[in-house]
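Heads up: the structure comes next, in structure tokens.
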Amino acid sequence: MGVFAWAFPHAKRRLELSRAKHRSLAGHSRMAKRVVGLIPGYAYDEDGFFGSDGASADVIARRRAGFEQLTRLYDERYPRSAAMTAEAREGVSDLQFTSSYRVPFQYSPYLRSHLKSGSFLQASHGVTVEDLDGNAFYDLTGSYGVNVFGVDFYKECIDEGAENVRALGPVLGAYHPCVLDNVKRLKAISGLDEVSFHMSGTEAVMQAVRLARYHTGRKNLVRFCGAYHGWWEDVQPGPGNPLPPRETYTLRDMHENSLKVLRTRRDIACVLVNPLQALHPNVGAPADSSLVDSGRCAGFDREAYTEWLRELRAVCTERGIVLIFDEVFVGFRLAPRGAQQYFGVAADMVVYGKTLGGGLPVGVVCGRAALMKRFREERPADVCFARGTFNAHPYVMGAMNAFLRRLDSAPVQAIYDGLDERWNERAQRFNQALEAAGLPVRIANLSSIWTVFYTQPARYNWMLQFYLRAHGLALSWVGSGRIIFSLNYSDADVAEVQQRFVAAARDMQAAGWWDGAATSNRLIRRGILREMLQRRFRG
């Protein structure tokens, strides 16, 4: 009877936890880990590369001709950039990874051997970057989120910061006086009591979670399906992590069942929220490497996501769970005081990074005083240790101080006036142009962060990134899933990007990449599954 009494509530909690997970593999970390281990590695030959979707001979011929034309253009236009990239790839593991995963793995070897792209740049100014061959591109990478106000803004922050700390130089351990001003400004921005400095956003998230566990005495954290919080084990429990999840619950974003888990369990130390997920709840980063069909979806409902955060805040307060906003990516892009101001919801701890360093690497944790303390007076050996050699590096602190002072200036504050309306209107005009041109491409946006999605079933949507580059638009290695504008883009700049985007999509359409035989995304996925099973068991 005693065993039954223990087992029943335990089983009930497990069932509630299961119901709170998203039904996809992204919501079931252990299952996803097993599945990716079963996927065989293989590559299409030339015929498979052009005809994997069962297209007609005429369409395949158009694709071959279009691809040959594109490769000639790349060879003529980007020779130095491509040559240096090829040389660097032999010794830079990061470059080996990103160049291999720009597209679905089946297509990657053939594409890399024929379409020579570059990963080196030599200059930037305004809203453009320049490669080694002198080609200028409109920068849609956003430098992974660093570039909120434009590259010239950050060059000035770095120069000003370096000048201010030059007399001290790279002296570590002690603080430059500008640190005190940084702390005061960060406390005002975050509305929180204390600040700690770190070397990256990932490291800052690690420290926030450590402190939450230390002060609550609980071990588990909650993250939401699809959200990215850095590459370390506890917050990346599925594919990409060599270890299985241990002390992490991956729950469904914007769902009552997740709130129920938070209300009933006693082992949850903290909840991590990445506000970027408001653009695509329960979906991972929309990289083109997973763009095997047209199932990518995105859409931002500010009212609904705000209500969700309010409910989450209430439950965390009720249960003594630490609510952590991970604003490493979106910080200062949505509002001067970040997502807390934008959504009107206060967190217990906030993590910043990227842009806050004024162009230099940084991670910052802001939190309530009761959560930030790393030791206990009554138990002096019980500490939560966290130090780093380069924490509060004088040059980083100097650039940060320049950034924070500019953030308070009238010209920068004016940028935020009507920010949402301005970027929503730009996205709307973009979509109107795409629809008028009869293209199966649309845009969804969270302010100046855009995602491209596709309106008809197709296996070759990932080709769009290469046509966009040919028209002078620079994307990051994740491709069309993440377009990030800096806020210094003018209406004229966006209109030029729109014109080039439409022209690139028309070229892709003319080459037949959207003219395959696929009739639904489900049939495409079934075909790929069948193909994988054949490859695995044949092997």
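- No side-chain donor from either of Asn401 and Asn164 sits under 3.5 Å from a side-chain acceptor of the other.
- The two residues Phe403 and Gly358 have their closest heavy-atom pair at CB-CA, 3.9 Å.
- Aromatic ring centroids of Phe300 and Tyr305 lie 6.0 Å or more apart.
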Checklist entry - After noting the C-alpha distance and the side-chain angles of Arg368 and Asp193, does the key distance pass the salt bridge (Lys or Arg N to Asp or Glu O under 4.0 Å) rule? => result CA-CA 5 Å; Arg368 294 192 286 108; Asp193 306 319; over 6 Å; no
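- Ion pairing of Asp253 with Arg223 is absent here, as no side-chain N (NZ or NE/NH1/NH2) approaches a carboxylate O to less than 4.0 Å.
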Item to check | salt bridge (Lys or Arg N to Asp or Glu O under 4.0 Å) between Lys155 and Asp159, worked out | outcome: CA-CA 6 Å; Lys155 290 178 182 179; Asp159 290 344; over 6 Å; no
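- For the pair Glu194 and Lys373, the salt-bridge criterion is not met [side-chain N within less than 4.0 Å of a carboxylate O].
- Thr317 and Arg313 share a donor-acceptor pair across their side chains, judged by distance under 3.5 Å alone.
- Tyr460 and Trp462 have tilted rings, their planes meeting at an angle from 30° to 60° on a 0 to 90° scale.
- Cation-pi contact between Arg337 and Tyr342: absent, since separation from the ring centre below 6.0 Å together with deviation from the ring axis within 45° is not met.
- Counted by atom type alone, Trp514 and Tyr454 present zero donor-acceptor pairs between their side chains at under 3.5 Å.
- Checked against the 6.0 Å centroid criterion, the rings of Tyr352 and Phe332 qualify as a close aromatic pair.
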Checklist entry - Between Thr355 and Tyr154, does a side chain to side chain donor-acceptor pair (under 3.5 Å) hold up when you go through it step by step? => result CA-CA 9 Å; Thr355 192; Tyr154 295 96; 2.4 Å; yes
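- Side-chain contact of Ser200 with His198: a donor-acceptor pair under 3.5 Å is absent, judged by distance alone.
- When all heavy atoms are compared, the tightest approach of Ser294 to Asn521 is N-OD1, 3.0 Å.
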Item to check | Stepwise salt bridge (Lys or Arg N to Asp or Glu O under 4.0 Å) test for Arg500 and Glu496 | outcome: CA-CA 6 Å; Arg500 294 182 183 214; Glu496 179 63 25; 2.8 Å; yes
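- Minimum interatomic distance between Leu404 and Asn182 (heavy atoms only, all atoms of both residues): CD1-OD1, 3.8 Å.
- In terms of heavy atoms, Val365 sits closest to Ala204 at CG2-O, 3.2 Å.
- Closest non-hydrogen pair, Val351 versus Ile324, comes out as CG2-CG2, 4.1 Å.
- In Trp231, the CH2 atom is not crowded: 12 or fewer heavy atoms of neighbouring residues, nucleotides or ligands sit closer than 6.0 Å.
- For the residue pair His471/Asp507, the side-chain donor-acceptor check at 3.5 Å is satisfied.
- Taking the six-membered ring for Trp and thresholds of 30 and 60 degrees, Phe137 and Tyr78 have ring planes inclined between 30 and 60 degrees apart.
- Looking at Arg459 and Tyr107, their side chains do bring a donor and an acceptor atom within 3.5 Å of each other.
- Centroid-to-centroid, the aromatic rings of Trp450 and Phe485 come within less than 6.0 Å.
- Between the Ser486 side chain and the Val148 main chain, no donor and acceptor come within less than 3.5 Å of each other.
- Each of Met400, Arg406, Arg405 was compared with Cys157 under the side-chain contact (heavy atoms from CB on, under 4.5 Å) criterion, and only Arg406 meets it.
- Of all heavy-atom pairs spanning Val129 and Ala474, the tightest one is CG2-CB, 4.3 Å.
- Exactly one residue among Asp491, Asp493, Asp420 makes a salt bridge (charged side-chain N to carboxylate O under 4.0 Å, His left out) with Arg426. That residue is Asp491.
- Exactly one of Arg102, Arg296, Arg482 qualifies for a salt bridge (charged side-chain N to carboxylate O under 4.0 Å, His left out) with Asp288. That residue is Arg296.
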Item to check | Pair Thr455-Arg442, side chain to side chain donor-acceptor pair (under 3.5 Å): steps then yes or no | outcome: CA-CA 7 Å; Thr455 60; Arg442 295 293 183 273; 4.9 Å; no
